[in-house]
Structure formats: structure tokens, C-alpha cells
Visitor: 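Quick one: this structure, given as C-alpha cells, is what I'll be asking you about.
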Amino acid sequence: MIKITFPDQSVKEFEKGVTPLAIAESISPRLAKDVLVAEVDDEAWDLTRPIDKDANLKLFKWDDPEGKHAFWHSSAHLLAEALQELYPGVKFGIGPAIENGFYYDIDPGEHQITSADFPKIEAKMLELAQRKEEIKRADISKADALKMFGDRGEEYKCELISELEDGHITTYTQGDFTDLCRGPHLPDTSAIKAVKITSLAGAYWRGDEKRNQLVRVYGITFPKKKMLDEYLALLEEAKKRDHRKLGKEMELFAFSQNVGAGLPLWLPKGAALRDRLEQFLRKIQKQYGYLQVITPHIGNKALYVTSGHYAKYGKDSFQPIHTPEEGEEYLLKPMNCPHHCEIFKAAPRSYRELPLRLAEFGTVYRYEQSGELHGLTRVRGFTQDDAHIYCAPDQIKEEFLKVMDIILYIFKALKFDNFEAQISLRDPNNKDKYIGSDENWHLAENAIIEACAEKGLNARKELGEAAFYGPKLDFMVKDAIGRRWQLGTIQVDYNLPERFQLEYTGADNQKHRPVMIHRAPFGSMERFVAVLLEHTAGKFPLWLAPEQAVILPISEKYNDYAYEVAKQLQAADIRVEVDDRNEKIGKKIRDNELKRIPYMLIVGEKEAENGEVSVRKQGEGDKGSKKIATFAAELTEEVNKMINQ
RNA sequence: GCCGCAAUAGCUCAGUCGGUAGAGCAUUUCAUUCGUAACGAAAAGGUCGUGGGUUCGAGUCCCACUCGCGGCUCCA
């Protein structure tokens, strides 16, 4: 008999060689039906794999990430099995589970696979799944594995095997398909009830662009048909929220072939929106003691040589601008920090001036690879809501707390309730990779950890994720449909103060080197607007909306009154338009609902007589009539509540 | 940058086998003057991304480029 310990620390005895599936059956038939995969003493474990010794056991279902992972991993094998039947002779690369589904990289040989083949592949997968094929694990020696896959011409698999340690190689087989795999897998294929092949893409073998390009087939599967439908509906929703589509529809920004790829043009409404965001941030920053500066869009190449960026990124960025002067070279500004360092150096600095907080909405240009450009989230020219804080090492924590205040305030005003924080720390086993003294790193890392603790922020710590010049704290927001976006960032930097030889005179009348903190609560105006669009599906909070209200006269007879109302509201700083088209009121309401304008004010005979407007809220409907001044006051109140919580 | 896919009216899209381009919405005009999600009629709107090639003839087939999309790689 062996002792099995469950997560709640209860212990039960079982026959030696019992399987997790049998244990689940002993608990309840329902659990046995739902369980997908297990973990035995922290090792992922197939449900049908015997347990030979006392162990800790965890059972995972669909709702557990481990359960989904095994489900999709087995689905990847199912996909491979289907492809093997449909396209004899294809060679297999790797086929892992990913965040949403799985993929398999294949070398199709002479076969051509296109999206038109998806239904065929899906049907074959379902057919195989319904055969309830057992997925069998087997240990295999390295020599046998090489022979087995070698005989089949599986050159990619052989390459993988040749790098594995003998004695730790396993295969999984279902039906006629055997794959090199560590597992774990589902007991059989029958749990896979719904299949969708989602896309096709090229991917280099082992991510190396010098190697063969394979075809990557992406798919997703579910244990219930209904779940697939829900997932597809979610994808549809995501498509509707795509900021590229909304940006065009709402006339916020555009791109032009003639201007160039990745260079956004801000249309009047988008520019006004961006300006509101800037004003919002300027106001808070002023309260927090930031000093606004302005620096040029280009800088002498020497500046970036000093900062070290030229050596690292020079050849991959926009190429130098040459002047009539022999040998003189300027670069488009790829970041604001070197400029700000020069501002720090523009005068001798005293410890009394610290922390010195220099802020700039600085437009920078980076030559992103053409394939990487994406709407407003990845562009070649963008404006950072940048600031650099120069402070003494013992001020880091205090400054961190203040920056976090600003970021949390912004998230609150914009209803990003669902966010995560990540602290990126140094890899303790590889300290040579980093610049700066042990003592300073220690100080900065602790400052960040303590600051998060003080704010009650449950931040994830990631070792080895820090930049070479310092640790950082990143904020990830989840949008309304659960996608994760990186926005605000705070980074400690020991490198630039060193390179620019920044100094201040301390209380001890000695020269000291300041620490620099980079921070950008929005990240960039472009990305922030994109995320805001996708988060809100274009329904901006009232204080940001391009138009806060639109006045809809019942007929042209009331256009004059509508313009009178508009004048009064505009005088109260409300952004309002008049829809004076010669259309029926139903049509105007529909059109303006679709334009996502927060308030519609309907005016006709009754309203004109009483000096009122009939208020209709977007998405909610009729709210009744009120005096013009009452509406104006209520709207202003609503806006103030949002930005001055 | 690499692989794959696409580019047709302002927008969304159709266009069969190669035979000179079509719908809905938007726009303009006319009619209507309307009470909380689409009234009606008509007109206008296109060098089919750009350049080359094949062909008697190219939106359609081929090549290159540009831009876009999905990935890969990269990301200060």
C-alpha cells in the first residue's frame, strides 16, 4: 500500500501502482469524468500512469490551467495525427499547447495546406477523437528513439532527440501516430468534442531565421461544443473592439501610404482626445512636483553614442541625418532620456534640488521592423508621456510610491480596474549581466518591493527580467474581454547617470551620482489610446468623449432652438453638436447611438416652449426632460466626479 | 527583415471560364417636417494599390514594388 496526500493534506491509502484516474473514481464518478491530468510530487502526470510510492497528488480539471494545457497538448497530437492521415509524408516539428489553444509546426513537403483545408482537418480530428483512441506513454532509449524517428524520416524530431539525455525520453502514441513528448496527456482522445483550426502561419524551425521555415497550424479545442461557440463569440467581440477599426469609424486617426508605414496621423477628434489625456496628466504631474520641459526631435549622434543607445541600436534605427557640414550627423530622437540628462547637466545641481522631476510629452522615432507594425500599438513615431526623476539612492522608494500614486489614479479615472503589476528583478545567478553596484541594486529592488507592499499591490516578481541598467515595475491592464496589455512602467536606471557623469553636490559638500527613474504612466499616447479604445469598445468615459452630447431636433423647425441650446452648453464647456439633418428622429437616434455619443438631447415643440431638453443616455434610453442649465450642471458634476475622485 | 494571405466607390463587400465593373451603407438633390434605434424617390461616385509582362483582349493569369492582415524574429 502507498499513502497519497491530497492538496487539503488529507491522506488515503491505495494499492501500489494505482493510477490518478482510479483515485479520482474512488472519490466520485463525477470527478473521474471531469479530471484531465494530474500532478504527482510536483511532476506532471498522466491519469493512467501508475503511482508506485507515497506521494502528493493533485488532480486538474478543465478549469485549471494545467488541465487546459494537457487538453490542448493532446489536441496538438490529435492535429498531428489528422495531418499525418490527410497529408502522408509530412514531417513534424513541435506542437505545444499555448495560452489559447495549441499549434503544430510541420514541414508539409510537397503538400500545400491552405485555410480552405481547415474544415477537412477539423472533420478528421473529430473523427479521430470519436474513436476514443487511448494515448499511451512509453519510455524509450535514445538509440531506439533515433532509429524509430529516423526510419520515418522525421529529421526535426531526430534533432530534438539527439539533444535529450538517454533514459529520460518518452513517446506518446494514439492510433497510428507516435510523438516524441514529455507529456502529460489525456487518457484518450474522446474528451475533445469541439475543434477549430484558427490560422496558418510560417515559423522558423526553432525560431532561427537561418533554418527551414515550417508551416504552423494553429487550433483550439474544447470539451463542449458550447464552449467553442462562446470562444468564437468572444473573438467576434474582440474584432469589433479592434482599435484600428474603431479609430477609423470614430475619425480619431489614420495612416497614409504617402506618409509611411507606422506613422499615425491624428485627425481632429483624435488630436483633441489626446490633448485631453495630456492635460489630465499634466495637471496631476504638476501637483506632484514635475517640471515640464521641451527637447528637440533630433539630436547629435554623439549624444546617443554617450548614452550607449547608438552602439546597441544604431544600425537598426532610422539612419543618421547628414548636414551640409562635413562629418556631422544627427539622429531622430529614439528616446528622451539623453536629452533630459543634458538638462540635468545644464546647471550645477545641489542635493536640495532633488528629486528633480523632468517631464515631457516627447515624440520619438524608432525603426520598428515592418512586420511588427500594428495599428497604434506598435508604430515608428510616437509620443511618450515621459519623465525622468533624478534622485538620491535613498529617495527611490519615496519617488516610486509617488509615481505609483499617479498611475493608480489614472487607472481609476479610466476604470482600468483589472490590472496586474510585475516587478522585474535581477537574475541573482548572473550578476555580471547588469551594471551598477550590488548595494545600489539591493537598495532599488527592495525599494520597489516595499513600495508595492505599502500600496497593497499584489505584484508578481520575475527574476532575470530586469533591464541591464536597473529593476523595473510594469503595469499590465486587462481589457474588458480579458486581454492583457502592458501600459505604465517605472524603471530604475544606474547606467545613464554613469554614462553622462551626472553629479550633484551633497550636504557633505562632496559630489554624488544621482539615480534616475524613467516612468511613463500611459506608456505612449498612441498605445494608451489604442488600449483605451479596445477596453471601452469606443465608449469613452464622459470626460474624454470627443462629443459629450448631441442635440437632435425633432424636425427642421426646431433647428434654431437646437443651436440656442448648443450655445448655452458650449458656454458651460460641454462638447456638443447639433444633428440638423433632415431625418426622422428615430433615424437620428439610431445613427447617434452607433456613434457612441454619451448623451442625446432631443428637442421639439415641448422643449422649445419650456427651455428644456429631453435627455437620452447612450445605451440606456430615455431619461426624461430637464432645463438646459440643470442638464449642464449635472453633466459637469458627472465629469468632475470622474477626474477628481 | 522572413513566411503566408490580401488590396475593387468614402465604408463593408460581390464580381463565375480572361470579353471593358455591381450591391448595401454614407454623400448630394427632391419630397417630407416627423416625439426616442433605419420614411420614400433620384443622382453622383471607380485609371479595380503602383509598375511591368502574357494575350486580339487583364479587376481576373504571371513578375516586381507599396501598403495592409496573420504569424515568426525583434522590441530602448
Side-chain angles (χ1 to χ4, degrees), chain A residues 98 103 105 108 112-116 198-218 239 242 244-245 248-249 251 254-263 304 307-314 316-317 333-338 364-375 377-380 382 384 386 467-469 472 486 489 491 493 495-496 518 520 524 552-559 580-595 600-607 614-625:
Chain A
I98 52 178
Y103 66 79
D105 282 348
Q112 270 284 343
I113 300 175
T114 71
S115 51
T198 47
S199 69
L200 214 54
Y204 299 107
W205 172 234
R206 317 201 84 173
D208 183 345
E209 63 181 277
K210 292 179 193 71
R211 308 289 302 264
N212 266 359
Q213 180 129 21
L214 305 179
V215 174
R216 179 166 294 179
V217 184
Y218 284 88
K239 231 189 254 176
D242 191 316
R244 295 166 296 186
K245 180 171 141 61
K248 193 189 258 183
E249 264 175 42
E251 298 169 16
F255 289 90
S256 153
Q257 280 193 33
N258 297 326
V259 176
L263 298 170
Y304 307 107
S307 71
H309 293 107
Y310 185 79
K312 204 164 177 205
Y313 299 103
D316 297 322
S317 64
K333 174 164 78 174
M335 74 286 301
N336 303 299
C337 359
V364 297
Y365 299 89
R366 300 175 185 179
Y367 192 79
E368 304 293 357
Q369 296 188 58
S370 59
E372 195 50 43
L373 301 173
H374 179 93
T377 57
R378 203 67 198 276
V379 287
R380 285 178 170 164
F382 58 97
Q384 297 178 306
D386 212 357
F468 73 93
Y469 50 78
K472 61 178 179 170
Q486 198 210 305
T489 174
Q491 308 188 3
D493 186 349
N495 180 41
L496 284 184
H518 307 250
S524 79
L552 313 181
I554 295 283
S555 79
E556 287 182 335
K557 284 197 285 191
Y558 309 105
N559 279 358
D580 62 2
R581 292 175 306 160
N582 178 11
E583 295 288 352
K584 287 181 78 168
I585 195 66
K587 168 83 165 165
K588 290 190 192 183
I589 288 170
R590 176 181 160 77
D591 287 349
N592 286 291
E593 280 281 347
L594 294 176
K595 280 171 78 179
M600 276 173 265
L601 305 176
I602 293 151
V603 297
E605 192 177 355
K606 277 181 288 178
E607 289 78 10
S614 172
V615 180
R616 188 189 160 94
K617 195 162 184 180
Q618 205 268 346
E620 292 182 25
D622 198 350
K623 296 281 175 192
S625 295

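Every chain is numbered from 1 and lettered A, B, ... according to where its sequence line falls, protein lines coming before strand lines.
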Visitor: Take the protein atom CE of A:Met335 and the nucleotide atom C1' of B:rA76, then report the distance between them rounded to whole Å.
Guide: 5 Å

Visitor: When rounded to the nearest 0.5 angstrom, what distance separates CD1 in A:Ile585 from CD in A:Glu583?
Guide: 10.5 Å

Visitor: What's the gap between B:rU8 and B:rC13 when it is taken at their P atoms, as a whole Å value?
Guide: 9 Å

Visitor: Starting from P on B:rG70, measure out to NZ on A:Lys239 and report it in whole angstrom.
Guide: 11 Å

Visitor: Rounded to the nearest 0.5 Å, what separation is found between the OG atom of A:Ser307 and the CG atom of A:Leu496?
Guide: 6.0 Å

Visitor: Within this structure, what is the CZ-to-P distance between A:Arg581 and B:rC34, rounded to whole angstrom?
Guide: 18 Å

Visitor: Strictly below 4.0 Å: does A:Arg244 bring a side-chain N or O up to OP1 or OP2 of B:rC69?
Guide: yes

Visitor: Which nucleotide, B:rU27, B:rC34, B:rU36, lies nearest any side-chain atom of A:Ile554?
Guide: B:rC34

Visitor: For A:Leu214 and for A:Phe255, find the nucleotide of RNA chain B with the closest heavy atom, then tell me which residue's nucleotide is more 5'.
Guide: A:Leu214

Visitor: To the nearest Å, how far apart are A:Lys245 NZ and B:rC69 P?
Guide: 15 Å

Visitor: Indicate the atoms forming the closest heavy-atom contact of A:Asp580 with A:Glu556, along with that distance.
Guide: O-OE2, 4.4 Å

Visitor: When rounded to the nearest 0.5 angstrom, what distance separates NE2 in A:His518 from CG in A:Asn336?
Guide: 10.5 Å

Visitor: Please report the distance, rounded to the nearest Å, between CG in A:Leu373 and P in B:rC69.
Guide: 8 Å

Visitor: Taking the same atom, C1', in B:rG52 and in B:rA58, what whole-Å distance lies between them?
Guide: 13 Å

Visitor: Taking the side chain from A:Gln618 and the backbone from A:Glu593, do they hold a donor-acceptor pair closer than 3.5 Å?
Guide: yes

Visitor: How many angstroms lie between CG in A:Asp242 and NZ in A:Lys248, if you round to the nearest 0.5 Å?
Guide: 10.5 Å

Visitor: At 4.0 Å (heavy atoms only), tell me whether A:Glu249 reaches a base, stays on the sugar-phosphate, or touches nothing.
Guide: nothing

Visitor: Walk along nucleotides 39-48 of chain B from 5' to 3' and tag each nucleotide B, S or - by protein heavy-atom contact under 4.0 Å, base first, then sugar-phosphate.
Guide: S---------

Visitor: Without decimals, in angstroms, what is the distance between A:Leu601 CG and B:rU36 P?
Guide: 16 Å

Visitor: Please give me the minimum heavy-atom distance between A:Met335 and A:Arg366, naming the atom from each residue.
Guide: CB-NH2, 3.9 Å

Visitor: Within the 4.0 Å heavy-atom criterion, would you say A:Arg616 contacts the bases, only the backbone, or no part of the nucleic acid?
Guide: base

Visitor: I need the NZ-C1' distance between A:Lys623 and B:rG35, as an integer number of Å.
Guide: 18 Å

Visitor: So which nucleotide from B:rC72, B:rG68, B:rA76 ends up closest to the side chain of A:Glu372?
Guide: B:rC72

Visitor: Kindly say if A:Lys557 contacts the phosphate of B:rC34, meaning a side-chain N or O under 4.0 Å from OP1 or OP2.
Guide: yes

Visitor: With C1' as the reference atom in both, quote the distance from B:rG15 to B:rG46 in angstrom, rounded to an integer.
Guide: 14 Å

Visitor: So what does A:Glu620 hit on the nucleic acid, given a heavy-atom distance under 4.0 Å: a base, only sugar-phosphate, or nothing?
Guide: nothing

Visitor: Whole Å only: how far is the CD atom of A:Gln369 from the P atom of B:rU73?
Guide: 11 Å

Visitor: Once you round to the nearest 0.5 Å, how far does CD1 of A:Ile554 lie from NZ of A:Lys588?
Guide: 8.0 Å

Visitor: How far does the C1' atom of B:rG19 sit from the matching atom of B:rC61, given to the nearest Å?
Guide: 15 Å

Visitor: Is the NZ or CZ atom of A:Arg380 both under 6.0 Å from the centre of the six-membered ring of A:Tyr365 and within 45° of that ring's axis?
Guide: no

Visitor: With rounding to whole Å, what would you report as the distance between B:rA7 and B:rA14 at their P atoms?
Guide: 8 Å

Visitor: Heavy atoms only, 4.0 Å cut-off, all strands: where does A:Lys248 land among base, sugar-phosphate and nothing?
Guide: sugar-phosphate

Visitor: The side chain of A:Ala261 lies closest to which of these nucleotides: B:rC34, B:rA38, B:rG68?
Guide: B:rG68

Visitor: Reading RNA chain B from 5' onward, which residue's closest nucleotide shows up sooner: A:Arg216 or A:Pro334?
Guide: A:Arg216

Visitor: Any base atoms under 4.0 Å from A:Ile585, or only sugar-phosphate, or nothing? Heavy atoms, all strands.
Guide: sugar-phosphate

Visitor: Does any part of the side chain of A:Val615, heavy atoms only, come nearer than 4.5 Å to the side chain of A:Leu601, both counted from C-beta?
Guide: yes

Visitor: What's the shortest heavy-atom distance between A:Val364 and A:Gln384, and which atoms?
Guide: CG1-OE1, 4.0 Å

Visitor: Rounded to whole angstrom, note down the P distance from B:rG22 over to B:rC3.
Guide: 38 Å

Visitor: Ignoring backbone atoms, test whether A:His374 places a side-chain nitrogen or oxygen under 4.0 Å from the OP1 or OP2 oxygen of B:rG70.
Guide: yes

Visitor: Select one nucleotide: of B:rA76, B:rC34, B:rG70, the one nearest the side-chain heavy atoms of A:His309.
Guide: B:rA76

Visitor: Within the structure shown, what part of the strands sits under 4.0 Å from A:Tyr218 by heavy-atom distance: base, sugar-phosphate, or nothing?
Guide: sugar-phosphate

Visitor: Looking at A:Arg378, I'd like to know whether one of its side-chain N or O atoms comes within less than 4.0 Å of OP1 or OP2 on B:rG68.
Guide: no

Visitor: Suppose we call a contact any N or O donor and acceptor under 3.5 Å apart; does that hold for the side chain of A:Glu607 and the base of B:rG35?
Guide: yes

Visitor: Expressed in whole Å, how much space separates the P atoms belonging to B:rU60 and B:rG45?
Guide: 24 Å

Visitor: Represent RNA chain B in dot-bracket notation, 5' to 3'. Only Watson-Crick or G-U wobble pairs with both distances under 3.5 Å count; pseudoknot-style crossings use [ ] and interstrand partners use |.
Guide: (((((.(..((((.....[..)))).((((.........)))).....(((((..]....)))))).)))))....

Visitor: Give, for atom CE of A:Met600 and atom CD of A:Glu620, the distance between the pair rounded to the nearest 0.5 Å.
Guide: 11.0 Å

Visitor: Work out how far the P atom of B:rA43 is from that of B:rA23, and round it to whole angstrom.
Guide: 11 Å

